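Structure record follows, encoded as structure tokens.
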Amino acid sequence: MEKPPRPILFDFHGVSMIDIFTSNWDNLQNFKARPDDILIATYPKAGTTWVSYILDLLHFGQTSPERQTSKPIHERVPFLEINVSPFAPGTELADTLPTSPRLIKTHLPVQFVPKSFWEQNCRMVYVARNAKDNAVSFYHFDRMNMVEPEPGNWDSFLKRFMEGKSDYPCCVLVSVVFGSWYDHVNGWWEKQQIHSKLHYMFYEDLVEDTGAQIDRLCSFLGLSPSAEEKERITTGSQFDNMKKDKMANYSTVTIMDFNISPFMRKGKVGDWKNHFTEAQNQHFDEDYKTKMMKNPTLRFRTEL
Ligand code: PPS
């Protein structure tokens, strides 16, 4: 059977987007957040699913354990801006979530977050991942996810990730979906300095010491799980366990082709070394310095 065509990127208020993330824009911008909503925000492939899984267990692991075995993570934590026919848009799924608090996922750059989240002073957790591993993960994701743009080869994908330009002559001024990684991580970082209910965390710290990061999340969220409960969540959310869990590994999602690449791929810090050539790495590092100059306190680790 012939595969449907991949979507085309376009410029949307200065950010590269595809139709499934902009076609429900008015409903998205008018979304009514509640004061106890928790927004989990990331650039794509930075650890959204991992943190969603942890927060879901922290909030509901004890009170409704059946959730974890019967509902896929994308239903427990809806993706706010997504709108893929014939499925209900993310805004509708979030509106009808029966839980309190509601856990809601977004990849929106900070300037696109619906204003009610700020008005309601909602808690937000932002997860950032180093650019090199983030780019590699994104490349493999675009290979296997049929509703993402065709990534091309690794070299052309990396160029678009870095430069914000396309190799395709028909569409200049585009990069990858949700635009520049550099703008995304910086924009949320700057917001964190003025919004006290925004917890900014790093994928690398989570890999290094999941328990310590869960402790920090708990103090941000005002939760105090027992030592046994915390241990259960720390162990349950390790990569190998989540990879086996059908309700967390996206194996129920038909738009993804696991024969090309699994969703839970490697879960490592430093996998970029298996992808970057020396020349790509040197060019990337030089370019990185200029793009990341404005927030010298925002530092990423590319190895542990
Ligand atoms: S998405 O599609 O944007 O929501 O993807 P996201 O969940 O943000 O990122 C997917 C990457 O996170 C890795 N992952 C984990 N790593 C370590 N431990 C755990 N538990 C874990 N869960 C998810 C996942 O494997 C993807 O990274 P890569 O490098 O591709 O393996």
Side-chain angles (χ1 to χ4, degrees), residues 18 20-21 39-57 68 72-82 84 90 103-109 125-149 151 154 157 161 176-179 181 184-185 188 201-211 213-214 217 232-253 255-258 260-276 302-304:
I18 52 176
I20 59 170
F21 299 126
L39 191 67
I40 301 164
T42 70
Y43 188 75
K45 314 316 292 178
T48 337
T49 314
W50 193 4
V51 169
S52 300
Y53 192 81
I54 290 171
L55 290 201
D56 186 63
L57 281 171
Q68 282 82 37
I73 191 73
H74 56 90
E75 286 179 26
R76 283 180 262 156
V77 184
F79 185 4
L80 192 60
E81 57 271 24
I82 202 165
V84 178
L103 304 175
I104 299 172
K105 153 184 168 173
T106 187
H107 290 319
L108 291 172
V125 175
Y126 185 79
V127 194
R129 185 178 192 181
N130 82 75
K132 292 179 184 177
D133 283 324
N134 207 141
V136 168
S137 182
F138 207 169
Y139 168 65
H140 289 293
F141 185 65
D142 279 5
R143 290 172 57 233
M144 61 83 91
N145 186 339
M146 300 305 134
V147 301
E148 285 278 311
W154 163 241
F157 181 86
F161 183 92
V176 289
V177 187
F178 291 104
W181 174 93
H184 209 284
V185 297
W188 279 94
M201 60 189 293
F202 296 91
Y203 177 92
E204 293 72 28
D205 294 344
L206 207 46
V207 171
E208 186 175 61
D209 190 344
T210 312
Q213 293 306 311
I214 292 181
L217 277 168
R232 202 173 70 83
I233 297 173
T234 307
T235 309
S237 67
Q238 291 308 297
F239 181 82
D240 291 341
N241 291 327
M242 276 183 64
K243 191 175 168 82
K244 279 187 270 182
D245 179 351
K246 280 202 185 74
M247 294 297 126
N249 64 16
Y250 277 83
S251 56
T252 56
V253 175
I255 53 171
M256 296 181 187
D257 187 344
F258 278 47
I260 299 178
S261 181
F263 181 88
M264 300 284 300
R265 199 182 54 88
K266 288 199 180 168
K268 294 250 181 303
V269 179
D271 183 43
W272 61 271
K273 291 178 190 167
N274 298 313
H275 292 75
F276 282 63
T302 53
E303 54 194 315
L304 293 180

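FYI, the numbering just counts along the sequence from 1. One-based numbering, in listed order, for ligands and for the atoms of each. Not measured: the values here are computed from a predicted model.
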Polar-atom distance check: R129 versus ligand 1, any N or O pair below 3.5 Å?
yes
Protein heavy atom at shortest distance from atom 7 (O) of ligand 1
T49 OG1, 2.5 Å
State whether the side chain of N134 and the backbone N or O of P44 hold a donor-acceptor pair below 3.5 Å, judged by distance alone.
yes
Applying the side chain to side chain contact (heavy atoms under 4.5 Å, CB included) test to Y203, which of T42, T48, V269 qualifies?
V269
Min N/O separation A46 to ligand 1 under 3.5 Å:
yes
Under a 3.5 Å distance rule, please check whether N241 uses its side chain to pair with a backbone N or O of T235 as donor and acceptor.
yes
F263 near ligand 1, heavy-atom distance under 4.0 Å?
yes
Side chain to side chain contact (heavy atoms under 4.5 Å, CB included) evaluation trace for H107 with F79
CA-CA 8 Å; H107 290 319; F79 185 4; 3.3 Å; yes
Proximity flag H140 to ligand 1, non-hydrogen atoms under 4.0 Å:
no
Considering only the protein, which heavy-atom contact is closest to atom 4 (O) of ligand 1, and what is its distance?
K105 NZ, 3.0 Å
Return the residue, atom name and 0.1 Å-rounded distance of the protein heavy atom closest to atom 8 (O) of ligand 1.
T48 OG1, 2.3 Å
List the closest protein heavy-atom neighbour of atom 2 (O) of ligand 1: residue, atom name, distance to the nearest 0.1 Å.
K45 NZ, 2.9 Å
For atom 20 (N) of ligand 1, the closest protein heavy atom turns out to be S237 O, 2.8 Å
Return the closest protein heavy atom for atom 19 (C) of ligand 1 as residue, atom name and distance.
W50 CD2, 3.3 Å
Is the backbone N or O of D271 less than 3.5 Å from a side-chain atom of D133, with the two atoms forming a donor-acceptor pair by type?
yes
Flag if over 12 foreign heavy atoms under 6.0 Å of NZ, K243
yes
protein heavy-atom neighbour closest to atom 16 (N) of ligand 1 works out as Y203 OH, 2.7 Å
Min N/O separation M242 to ligand 1 under 3.5 Å:
no
Ligand 1 atoms nearer than 4.0 angstrom to some heavy atom of M264 are 21 (C), 22 (N), 23 (C), 25 (O)
Classify the contact between S137 and ligand 1 as side chain, backbone, both or neither, using a heavy-atom distance cut-off of under 4.0 Å.
both
Looking only at N/O atoms, are Q238 and ligand 1 under 3.5 Å apart anywhere?
no
If you measure every N or O of G47 against every N or O of ligand 1, does any of those distances drop under 3.5 Å?
yes
Is W50 reaching over with its side chain to a backbone N or O of S237, donor-acceptor style, under 3.5 angstrom?
yes
Are the side chains of F263 and N145 in contact, using a 4.5 Å heavy-atom criterion?
no
Short N or O distance, Y43 and ligand 1, threshold 3.5 Å exclusive
no
Would H107 count as a contact residue for ligand 1, given that I'm defining contact as a non-hydrogen atom of the residue lying under 4.0 Å from a ligand atom?
yes
Would you say the side-chain atoms of Q213 pair up with the backbone N or O of D209, donor to acceptor, closer than 3.5 Å?
no
Using atom types as modelled and distance alone, determine if a side-chain donor or acceptor of W154 lies under 3.5 Å from a backbone N or O of H275.
yes
Can an N or O of K268 be found at a distance shorter than 3.5 Å from an N or O of ligand 1?
no
Atoms of ligand 1, numbered as shown, that sit under 4.0 Å from any heavy atom of F141
2 (O)
Are the ring centres of Y43 and F138 closer than 6.0 Å?
yes
Closer than 3.5 angstrom, by distance alone: can the side chain of W181 be matched with the main-chain N or O of R129 as a donor-acceptor pair?
yes
